[in-house]
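What follows is a short report on a single structure.
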Amino acid sequence: MTEERELVLGGDGLIGSTLVRELRDRGHHVVSLDLKSGCDLRHIDDSPFADCDRVWFLAWDTGGAKYIEASDRQHEQYKHNCELSIRIFDAFVRMRKPFLFTSSQLAGLPTAYGATKFLAANWALQLGGKVARLWNTYGWEQPDRRSHVITDLVLSGLTERRINCLTTGLERRRFIYKSDSVAALIQLFEGPEQTAEIAGSEWITIRQVAEEIARQLGVESGFGENGGSEVMVDPKKPLSDWQPQVSLSEGISRVIEDARAYLGEAAAREIPALDI
């Protein structure tokens, strides 16, 4: 990879922050724009696009299942993601910069998240961009209403000394650790393929995840009576010559380490540690 001036839209998120760190470690100049750091991408001008060589379009109104499936969040997600798409794709038309858009396994589902991801992925391809379709990326993230299941389960085990899963845990995912997702995104952007699907090597139940977290923490696990949602869509066009490097056990261990550091910092600042 040659040195580039990188623009990362959504650079404070789970994948974006990992991507920003990796690109900087490679000696690239990186500008990160994110709502979390005060930049509303629905209202930016064209100057960031003029000053870069390529763009990574990761920003989205998203979160774990408890957020993207919430009935009272659908209108807001439709509105935010459509406004974001209009602004960013319009800039791509004018500025003609190479870009990569991150789609999702859930693209095309009848939810605000699924519908807008499907729209944007096709829009990106029409404009000549690259599209990566991701399955279930995980890693440590700020715990709140948007955080994903592994973060929530780890925090449950650390703070309550028990893994409390609200569902039966039989729903399945193809988990991929955040650094593996980033490695795949970079390979796709640098390579000849226009699209690729990026996923873990096998389907894993949430029960298996919870039990592995419980094993590593030395606590018990408990499960609810209601089934959780799952979308059994297998990747049909995987990224060529790429395989994930981080096992689920190792990835969970990293999340636990980061969670312990977060809880220690929260206690030192005397602020609430959880908001999930």
Side-chain angles (χ1 to χ4, degrees), residues 1-37 39-62 80-108 113-135 137 178-198 237-240 242:
M1 179 186 273
T2 58
E3 184 175 349
E4 300 276 357
R5 296 175 300 164
E6 313 276 11
L7 176 60
V8 181
L9 308 178
D12 290 352
L14 173 63
I15 300 173
S17 59
T18 308
L19 174 64
V20 166
R21 187 162 50 251
E22 177 62 25
L23 293 173
R24 286 176 175 160
D25 286 347
R26 295 181 181 216
H28 295 207
H29 175 72
V30 183
V31 173
S32 170
L33 301 178
D34 196 295
L35 187 62
K36 294 178 181 177
S37 51
C39 179
D40 190 336
L41 291 166
R42 296 172 296 170
H43 306 296
I44 61 169
D45 60 27
D46 284 347
S47 58
F49 300 92
D51 295 334
C52 72
D53 295 312
R54 59 185 183 178
V55 186
W56 308 77
F57 187 178
L58 280 64
W60 211 249
D61 187 356
T62 186
H80 291 173
N81 290 330
C82 285
E83 290 173 343
L84 178 64
S85 296
I86 289 169
R87 177 65 196 95
I88 301 305
F89 288 129
D90 198 41
F92 289 151
V93 169
R94 287 192 300 277
M95 307 308 293
R96 301 293 181 182
K97 295 299 173 79
F99 72 92
L100 179 146
F101 175 74
T102 52
S103 184
S104 166
Q105 172 210 13
L106 303 179
Y113 178 80
T116 54
K117 277 290 189 182
F118 183 80
L119 167 71
N122 283 278
W123 199 341
L125 291 174
Q126 191 274 329
L127 294 177
K130 296 199 172 192
V131 174
R133 191 179 185 191
L134 299 174
W135 267 246
T137 299
K178 59 184 180 180
S179 60
D180 281 331
S181 286
V182 164
L185 292 179
I186 292 174
Q187 180 175 319
L188 174 59
F189 213 161
E190 288 292 306
E193 297 165 278
Q194 187 177 18
T195 65
E197 297 178 320
I198 299 162
K237 189 179 180 183
L239 183 63
S240 301
W242 175 87

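From a predicted model like this one, the values you see are computed outputs, not experimental measurements.
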Short question: side chain of Gln194, backbone of Gly129 - any donor-acceptor pair under 3.5 Å? yes

For the residue pair Leu7 and Leu33, what are the closest heavy atoms and their distance? CD1-CD1, 3.8 Å

Residue list, ring pair (Phe, Tyr, Trp, His ring centres under 6.0 Å) with Phe101, at least two apart or on another chain: Phe57, Trp60

Check for a donor-acceptor pair, side chain of Lys97 on one end and backbone N or O of Cys52 on the other, with a separation under 3.5 Å. yes

Of all heavy-atom pairs linking Ile186 and Glu22, the shortest is CD1-CG, 3.7 Å

Shortest non-hydrogen contact from Glu193 to Lys130? O-NZ, 3.1 Å

Passes side-chain contact (heavy atoms from CB on, under 4.5 Å), Ile15 versus Thr102? Steps please. CA-CA 10 Å; Ile15 300 173; Thr102 52; 5.8 Å; no

side-chain contact (heavy atoms from CB on, under 4.5 Å) between Leu84 and Leu9: does it pass, once the steps are laid out? CA-CA 11 Å; Leu84 178 64; Leu9 308 178; over 6 Å; no

Are the side chains of Val31 and Pro48 in touch, meaning some heavy atoms are under 4.5 Å apart? no

Report yes if some heavy atom in the side chain of Asp180 is under 4.5 Å from a heavy atom in the side chain of Thr137; otherwise report no. no

By side-chain hydrogen bond (donor to acceptor under 3.5 Å, both in side chains), Asp61 pairs with (sequence neighbours left out) Tyr67, His80, Arg146

How long is the gap from CG on Asp90 to CG on Leu127, to the nearest 0.5 Å? 9.5 Å

N-O pairing of Glu190 and Arg54 below 4.0 Å: yes

Any side-chain heavy-atom pair from Met95 and Asp46 closer than 4.5 angstrom? yes

Mind checking what makes side-chain hydrogen bond (donor to acceptor under 3.5 Å, both in side chains) contact with Thr195, not counting sequence neighbours? Lys237

Can you sort out the partners of Asp25 under side chain to side chain contact (heavy atoms under 4.5 Å, CB included), two or more places apart, ordered by chain and number? Arg21

Check Ser32 against Gly11 and note the closest heavy-atom contact, atom names and distance. OG-CA, 3.1 Å

Please report the closest heavy-atom contact between Leu14 and Ser17, naming both atoms and the distance. O-OG, 3.5 Å

Taking the side chain as every heavy atom from C-beta outward, state whether Ser85 and Thr116 have any atom pair closer than 4.5 Å. no

Minimum heavy-atom distance between Phe189 and Val55, given as atom pair plus value: CE1-O, 3.5 Å

Could you grab the distance from atom CD of Glu197 to atom CG of Leu134, nearest 0.5 Å is fine? 10.0 Å

Please check if the number of heavy atoms outside Arg5 that lie under 6.0 Å from its CZ is greater than 12. yes

Taking atom CD1 of Ile198 and atom CZ of Arg133, what is their separation to the nearest 0.5 Å? 11.5 Å

Presence of salt bridge, Asp34 and Lys36, under 4.0 angstrom: no

For the NZ atom of Lys117 and the OG1 atom of Thr62, what is their distance to the nearest 0.5 Å? 6.5 Å

Side-chain (Arg87) to main-chain (Leu41) donor-acceptor, under 3.5 angstrom: no

Arg24: what forms a side-chain hydrogen bond (donor to acceptor under 3.5 Å, both in side chains) with it, not counting sequence neighbours? none

Nearest-0.5 Å distance, CZ of residue Phe118 to OG of residue Ser103: 9.0 Å

Are side-chain heavy atoms of Leu100 and Leu185 found at a separation under 4.5 Å? yes

Can you confirm whether Leu188 sits close enough to Trp242 that some side-chain heavy atom of one is under 4.5 Å from a side-chain heavy atom of the other? no

Phe49 side chain near Ile88 side chain, heavy-atom distance below 4.5 Å: yes

What pairs with Trp123 under ring pair (Phe, Tyr, Trp, His ring centres under 6.0 Å), at least two apart in sequence or on another chain? Phe89

